[in-house]
Amino acid sequence: MDPRRNPFSPGAGSAPPELSGRDKVIEDVSIALHRIRNGLSAKSILIVGLRGVGKTVLLNRLKNDAESEGLVCVQFESPENRNLPAMIVPSLRAALFKLNRLSGLSDKVAKAARILGSFISSAKVKYEGMEFGFDLGTEPGVSDTGDLDYDLSELLQAIGEAAKEKKTAVVLFIDELQYVPELELAALISALHGCAQKGLPVALVGAGLPQLVGNVGKAKSYAERLFDFPEIGPLLPDAATKALQLPVSQHQVSFETQAIEQILRQTKGYPYFLQEWGSMCWEVANSKVITEDDALAATELAILQLDSSFFRVRFDRCTPMEKNYLRAMAGINSPAPRSGDIASAMNKEVHQIAPLRQSLISKGMIYSPAHGDTAFTVPLFADYMKRMLP
């Protein structure tokens, strides 16, 4: 069929033509943000899940929905080896400009801007990447101690006061939150806690890999009372079928039941993989009905595509010893092998492979679903490791 009309969108953070199976999370976040805007108690939201489940897509949808309701939203991704102050400052400045456009400049918005200037001046001494091409002035004695916990709390509270005056809320949408260092994550949690205690309309909607839950708990012991942690995973069969059928139906195309069943067996219902298989099915089909044979042909192409991109990018970030660890994991018939079993497969002691395990967790390749257990953060990665290192 015509590739120009292919409705599927396999890509990092690319919005699928049909976002199915996420209605409850979307509604829960909407309720929480509306309560926070109106001065009522509600928790911030941290969405967790493996690679390829659509966390970034969902985060984008939630931001768009919140903006359509008049909330002031800013968004950024937390990459590895980047400090939180350098990442958050441009977003907070953007939030203040948005607040400024609501009914004109107010004293509280102007004061918050100066406090942001104080925060920048103080953080420059301690953090790299704090050079910005703008001067906001300063507010002496506020947010200028050099203590991130204290300064960020004062800054977010000042922004919260300005948002409250404007009868809106400021919402930070942060992706890949698991990469924020523990002390900086603790400061962010503390600042949000301070806003919540004072009933100020500042919220966080974040997303990250499953280890984010543990990271947040280690950073602040009260974090479980400050956040909800909806976990998103593969789509249930009905939602997965909808994600495949609805996009092609707009072009008077359909999938045979057997084709759908074949795709679900291969993809396990993971949204990113559904997009890959759907896209390849469109490419190979010769009629308006996508058959099981089309799905089988698409499987070969989809696996080749994933091996050369989605999987390969992650594989190439690992050292030879880390790859050996991952291959040993893949060879154990368990979704979450025990550390002892992995060590045995490598003919090592557990303490000898512990540094490898921690390094792979830090890189976001694996996580620990329970004490002593280890699982891949990338679905179907075990099969890839077997193909790469037979």
Side-chain angles (χ1 to χ4, degrees), residues 28-47 62-63 66-67 69-76 78 84-85 87-100 102 106-120 122-123 139 141-145 147-174 177 180 183-206 216-217 219-229:
D28 288 347
V29 171
S30 176
I31 291 170
L33 295 183
H34 276 75
R35 288 184 60 83
I36 289 169
R37 177 185 196 171
N38 293 320
L40 300 172
S41 173
K43 295 179 181 179
S44 286
I45 309 289
L46 298 181
I47 300 163
L62 294 170
K63 175 178 177 284
E67 286 181 329
E69 295 294 329
L71 278 68
V72 173
C73 304
V74 290
Q75 185 174 12
F76 64 91
S78 172
L84 179 66
M87 291 185 291
I88 204 171
V89 162
S91 292
L92 294 181
R93 177 175 179 261
L96 288 172
F97 273 108
K98 291 178 180 180
L99 285 173
N100 185 31
L102 297 175
S106 72
D107 290 342
K108 289 186 177 180
V109 172
K111 181 179 179 181
R114 294 194 300 273
I115 292 174
L116 177 58
S118 295
F119 178 85
I120 293 169
S122 177
E139 184 76 5
V142 185
S143 251
D144 59 3
T145 68
D147 182 312
L148 185 60
D149 264 44
Y150 186 81
D151 290 350
L152 188 57
S153 289
E154 286 199 325
L155 173 57
L156 287 193
Q157 287 175 33
I159 291 173
E161 293 285 358
K164 185 176 181 179
E165 182 184 50
K166 300 283 190 174
K167 295 181 171 52
T168 187
V170 170
V171 189
L172 302 174
F173 289 84
I174 307 178
L177 201 54
V180 175
L183 291 178
E184 296 168 22
L185 183 60
L188 177 60
I189 294 169
S190 180
L192 291 165
H193 189 211
C195 290
Q197 287 177 315
K198 294 187 175 183
L200 296 174
V202 178
L204 167 64
V205 180
V216 168
K220 287 292 180 182
S221 60
Y222 56 76
E224 73 279 357
R225 302 192 300 275
L226 189 63
F227 298 103
D228 279 330
F229 298 90

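Any value given below was found using the heavy atoms of this structure, including those in side chains, with hydrogens, waters and symmetry copies removed.
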Undergrad: Above 12 or not: heavy atoms from other molecules or residues under 6.0 Å from CZ of Phe97?
TA: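 No, not enclosed.
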
Undergrad: Could you tell me whether Leu40 atom CG has more than 12 heavy atoms of other residues or ligands within 6.0 Å of it?
TA: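 It does: Leu40 CG has more than 12 such atoms within range.
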
Undergrad: Side chains of Ser143 and Leu155, heavy atoms from C-beta outward: is any pair under 4.5 Å?
TA: yes

Undergrad: Distance-only, no hydrogens or angles: does the Arg37 side chain make a donor-acceptor pair with backbone N or O of Thr168 under 3.5 Å?
TA: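 Judged by distance alone, no pair lies under 3.5 Å.
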
Undergrad: Which pair of non-hydrogen atoms, one from Gly141 and one from Glu154, has the smallest distance, and what is that distance?
TA: O-OE1, 4.5 Å

Undergrad: Any heavy-atom pair between the side chains of Asp28 and Ile45 that's under 4.5 Å?
TA: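 No, their side chains stay 4.5 Å or more apart.
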
Undergrad: Might you point out which heavy atoms bring Val109 and Lys166 nearest each other, and give the distance in Å?
TA: CG2-CE, 3.9 Å

Undergrad: Any side-chain heavy-atom pair from Lys111 and Arg114 closer than 4.5 angstrom?
TA: yes

Undergrad: Around atom NZ of Lys164, are there more than 12 heavy atoms from other residues, nucleotides or ligands closer than 6.0 Å?
TA: no

Undergrad: Report the distance from atom SG of Cys73 to atom NZ of Lys63, rounding to the nearest 0.5 Å.
TA: 6.5 Å

Undergrad: Once rounded to the nearest 0.5 Å, what's the spacing between atom CD1 of Ile189 and atom OG of Ser44?
TA: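 Separation between the atoms: 10.5 Å.
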
Undergrad: Are side-chain heavy atoms of Phe229 and Val216 found at a separation under 4.5 Å?
TA: yes

Undergrad: Could you tell me whether the side chain of Leu148 reaches within less than 4.5 Å of the side chain of Pro85, counting heavy atoms only?
TA: yes

Undergrad: Quick one: pull up CG in Leu156 and CG in Leu116 and give me the separation to the nearest 0.5 Å.
TA: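 So the gap between those two atoms works out to 10.0 Å.
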
Undergrad: For the residue pair Ile36 and Val171, establish whether any side-chain heavy-atom pair is separated by less than 4.5 Å.
TA: no

Undergrad: Do other residues, nucleotides or ligands put more than 12 heavy atoms under 6.0 Å from Tyr150 OH?
TA: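 No, OH of Tyr150 has 12 or fewer neighbouring heavy atoms, counting only those of other groups under 6.0 Å.
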
Undergrad: Give me the atom names and distance for the closest heavy-atom approach of Val74 to Ser91.
TA: CG1-O, 3.2 Å

